[in-house]
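Since the structure comes first, as structure tokens, the remarks are kept for the end.
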Amino acid sequence: MIMDHSFRAFIKQADEPFVGWDFSYITDSGRMRSEPLPWSYGSMAIRAIQQASSMLDMGTGGGEFLESLRPFPPSVYATESYLPNVTIAKARLTPLGVKVVQIEEDNRLPFQTGQFDLILNQHESFSAKEVRRILKNDGMFLTQQVGGLDCKGINEMLGVSINHEYADWSLKAALKELKTYNFEVIKACEDYPAQRFYDVGALVYYLKAIPWQVPNFDVEAFLPSLYKIHQKIEQKGYIDFTQHRFMVLAKAK
């Protein structure tokens, strides 16, 4: 298969390392855009923080997002399971008074029962039972989740099945779990915004950063499919895939 020079250039350019949880390499340059959600997790988080005296940020990544939510309450913790991100998060957050804790599993958290009056969770797995355990009575849990059908069009174009383990993960499933463990749902919403890529290199960079979308993703193995995507982008100027997002604000009863 003869592949044009621009395709090869985009593929080579996607070798830029991904650090922390920062997609600015392809978002700041406008190479990837996401359609706005009908809610702002950040705005909701800041409102909740203003009412909190102790909080936990689950799955903080490199701490980039948590840092943007300052000022913090007196007691702030953050968890992260990916070791390279733990180092980055500690360097960024420790000077701000945040205690960063490496964890292995979200259903076994090293915190006392009723330790927090606010738990934030953006795109991190969680155990409703464990979240309830470490929340105070009337404590708040705010989460934004990636649903099981997220960007399934990418998988379809690459000829790879979506991860069936998470395929049923949705607002309905999350609400059922939360209500089982004595949460009162204050607000909930689900949406399917577009994720737009303006070149195939941005898509490759994205897939390398989120290996659960296409497990064992390898550029050479998917080269023919990636070239077809490149041709579609060259014809139209972009390609869209449908995301799956939902949010829940709930109170521990």
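It should be emphasised that the depicted structure is a prediction, and the values quoted were computed from it without experimental measurement. These numbers come from the heavy atoms of this one structure, side chains and all, not from hydrogens, waters or symmetry mates.
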Using a 4.5 Å cut-off between side-chain heavy atoms of Ile, Leu, Val, Met, Phe, Trp and Tyr, which other residues end up in the same hydrophobic cluster as [X]?
{"X": "Tyr198", "result": "Tyr238"}
{"X": "Tyr82", "result": "none"}
{"X": "Leu149", "result": "Ile162"}
{"X": "Tyr166", "result": "none"}

Please report, to 0.1 Å, the donor-acceptor pairs under 3.5 Å made by any side chain of residues 173-189, with sequence neighbours excluded.
unit_1	atom_1	unit_2	atom_2	d
Glu177	OE2	Ala128	N	3.1
Thr180	OG1	Lys176	O	2.7

Looking only at atom types and distance, does a side-chain atom of [X] sit under 3.5 Å from a main-chain N or O of [Y], one as donor and one as acceptor?
{"X": "Thr79", "Y": "Gly59", "value": "yes"}
{"X": "Ser43", "Y": "Ser40", "value": "no"}
{"X": "Arg8", "Y": "Ile11", "value": "no"}

Show which side-chain atoms of residues 86-97 pair as donor or acceptor with protein atoms under 3.5 Å away, not counting sequence neighbours.
unit_1	atom_1	unit_2	atom_2	d
Arg92	NE	Glu67	OE1	3.2
Arg92	NH1	Gly62	O	2.5
Thr94	OG1	Lys90	O	2.8

**Message:** Please say yes or no: joined through hydrophobic side-chain contacts below 4.5 Å, possibly via intermediate residues, are Val76 and Leu69 part of one cluster?
**Reply:**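 In one cluster with Val76: Leu69, yes.
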
**Request:** Applying salt bridge (Lys or Arg N to Asp or Glu O under 4.0 Å), name anything that partners Arg133, two or more places apart in sequence or on another chain.
**Result:**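 In terms of salt bridge (Lys or Arg N to Asp or Glu O under 4.0 Å), with neighbours along the sequence ignored, Arg133 is linked to Glu130.
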
Which atom pairs, one a donor and one an acceptor, fall under 3.5 Å between side chains of residues 114-126 and the rest of the protein, sequence neighbours left out?
unit_1	atom_1	unit_2	atom_2	d
Gln115	OE1	Gln112	N	2.8
Asp117	OD1	Ser53	N	3.3
Asp117	OD1	Ser54	N	3.2
Asp117	OD2	Ser53	N	3.3
Asp117	OD2	Ser53	OG	2.8
Asn121	OD1	Glu124	N	3.2
Asn121	OD1	Thr143	OG1	3.2
Asn121	OD1	Gln145	NE2	3.0
Asn121	ND2	Glu124	O	3.1
His123	NE2	Gln144	NE2	3.0
Ser125	OG	Asp106	OD2	2.5

Listed once per pair and sorted, the salt bridge (Lys or Arg N to Asp or Glu O under 4.0 Å) pairs that draw on [range], sequence neighbours left out:
{"range": "residues 22-44", "result": "Arg31-Asp199"}
{"range": "residues 236-250", "result": "Asp150-Arg245, Arg196-Asp240"}
{"range": "residues 156-170", "result": "none"}

**Item:** Nearest-0.5 Å distance that lies between atom CE in Met247 and atom CG in Leu142
**Value:**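 It is 5.5 Å, given to the nearest 0.5 Å.
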
Side-chain donor-acceptor contacts of residues 204-212 below 3.5 Å, not counting sequence neighbours, with atom names and distances?
unit_1	atom_1	unit_2	atom_2	d
Tyr206	OH	Gln195	NE2	3.4
Lys208	NZ	Asp15	OD1	3.0

